[in-house]
Amino acid sequence: MRVATWNVNSLKVRLPQLLDWLRLRQPDVVCLQETKLEDAKFPTAEIDAAGYRALYCGQKTYNGVAILSRDPATDPLTALPGRADEQKRLLAASVGGVRIVCAYVPNGQSVDSDKYRYKLDWLAALTGWLGAELVRHPKLVLAGDYNIAPEERDVHDPRAWEGQVLFSAPEREAFQRLLALGLKDSFRLFEQAPGSFTWWDYRLNAFRRKLGLRIDHILASEALAPLCRACSIDIEPRRNERPSDHAPVVAEFEPGS
DNA sequence: ATGGTAGAAACTCTA
């Protein structure tokens, strides 16, 4: 099973690129973030024609998540239970015996912002819920835009980013609490090139200058991680005309997992 | 000292 995550930063704008990418990479499951579409405007016909079913949970202008899958997805969940949130950031469903959790973690804006507090609260709620979800679904993938670079090697200039949002200690500790649930960072199960990033600011020619961060991740549960065969970042779509500022991440799991 | 870009939408907010 090939599982991908991609923050598309507007599915309306990126739909042609997504359809090209699906044909090229043939993923079985794709988690999308920042669709920025109300559910009524989700491009179900185009996705269906590409051979995928879609679950989606969106809103106008901001946020929005979706799970595309070749096989049917069951038992959807569109928010953390007991947390009625108008921000559409979470979607979970089961595909082929694997629980797929698609997350768009709040950006946080800056460490002195209310949005940063909201980010840490949201991560704590996610972690709490995942503990129970892992009991129900031992084979689980948490894929999405975490808006957290977990380690120094995930940041082009860790000194400059020290204490900044996306790399501050409380955010990185929140990431470690996800790992403490037994989740493994599938990207780090394999040898990777230095300077592997998934996001580059649109400004200041960051992509061309390789000024990126690795903030999009596919975590695999303890039961699923041993079945992971590969994980890579596909930077090609970042070279497109009108690209998303994020590149997709793709993880390969043993067939039948 | 705080810009720079992109997307959505309606001029400012979010990232």
Side-chain angles (χ1 to χ4, degrees), chain A residues 5-21 31-43 46-47 56-66 79 85-91 102-123 126 143-150 154-168 170-172 174-175 197-217 233-249:
Chain A
T5 183
W6 193 5
N7 178 325
V8 290
N9 186 18
S10 169
L11 184 53
K12 184 182 173 186
V13 172
R14 237 61 72 186
L15 182 60
Q17 295 180 41
L18 174 66
L19 296 174
D20 286 346
W21 190 79
C31 297
L32 301 177
Q33 302 86 36
E34 284 205 271
T35 55
K36 299 186 178 179
L37 284 178
E38 292 172 290
D39 290 348
K41 297 195 173 167
F42 197 88
E46 292 87 341
I47 297 293
Y56 38 89
C57 176
Q59 65 186 100
K60 201 188 285 189
T61 312
Y62 304 120
N63 311 316
V65 283
D85 198 334
E86 68 278 9
Q87 299 191 25
K88 306 301 187 188
R89 297 181 173 278
L90 189 90
L91 183 60
C102 173
Y104 175 46
V105 176
N107 171 284
Q109 198 163 64
S110 66
V111 294
D112 55 7
S113 161
D114 290 345
K115 297 184 180 70
Y116 180 78
R117 188 67 248 167
Y118 173 78
K119 177 181 196 172
L120 296 178
D121 290 345
W122 195 93
L123 283 161
L126 173 71
D145 176 1
Y146 289 61
N147 273 312
I148 300 171
D154 300 315
V155 179
H156 67 89
D157 184 350
R159 291 290 81 77
W161 279 85
E162 184 141 34
Q164 301 296 309
V165 74
L166 309 185
F167 191 55
S168 71
E171 294 165 88
R172 294 166 66 191
F175 189 88
F197 306 127
T198 65
W199 171 82
W200 301 261
D201 200 299
Y202 282 124
R203 296 167 286 189
L204 301 170
N205 256 318
F207 181 62
R208 192 182 52 72
R209 297 163 63 201
K210 304 185 192 300
L211 308 181
L213 273 65
R214 191 177 72 93
I215 58 175
D216 300 84
H217 310 292
I233 299 163
D234 181 7
I235 68 163
E236 290 309 315
R238 191 62 176 79
R239 305 187 203 281
N240 289 346
E241 290 284 326
R242 287 191 89 185
S244 169
D245 44 352
H246 294 253
V249 182

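Note that the structure is predicted; figures quoted are calculated from it, not measured. Naming: A, B, ... by sequence-line order, numbering from 1 per chain.
- One interatomic measurement links the two molecules: CG of A:Asn9 to C1' of B:dA8, which rounds to 10 Å at whole-angstrom precision.
- The gap from the P atom of B:dT14 to that of B:dA10 amounts to 14 Å, rounded to the nearest Å.
- One interatomic measurement links the two molecules: CZ of A:Phe207 to P of B:dA6, which rounds to 14 Å at whole-angstrom precision.
- With sequence neighbours left out, A:Thr35 forms a side chain to side chain donor-acceptor pair (under 3.5 Å) with no residue at all.
- Between A:Arg209 atom CZ and B:dT5 atom C1' there is a gap of 13 Å when expressed in whole angstrom units.
- Annotation: side chain to side chain donor-acceptor pair (under 3.5 Å) contacts of A:Lys88 (sequence neighbours excluded): none.
- B:dG4 and B:dA15: their C1' atoms are spaced 13 Å apart (whole Å).
- Taking only side-chain nitrogens and oxygens, A:Arg242 never comes nearer than 4.0 Å to OP1 or OP2 of B:dT5.
- In this structure, a donor-acceptor pair under 3.5 Å is present between the side chains of A:Asn240 and A:Gln17.
- We find that CZ of A:Arg238 is positioned 13 Å from P of B:dT5, with the value rounded to whole Å.
- Annotation: salt bridge (charged side-chain N to carboxylate O under 4.0 Å, His left out) contacts of A:Arg14 (sequence neighbours excluded): none.
- Every side chain to side chain donor-acceptor pair (under 3.5 Å) that A:Asp245 has, sequence neighbours left out, goes to A:Trp199.
- For A:Tyr62, there are no side chain to side chain donor-acceptor pair (under 3.5 Å) partners at least two apart in sequence or on another chain.
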What does the list of N/O pairs under 3.5 Å between the protein and nucleotides 12-15 of chain B look like, with a distance for each?
unit_1	atom_1	unit_2	atom_2	d
B:dT14	OP2	A:Lys115	NZ	3.3

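- The distance between atom CG of A:Leu37 and atom P of B:dG7, rounded to the nearest whole Å, is 14 Å.
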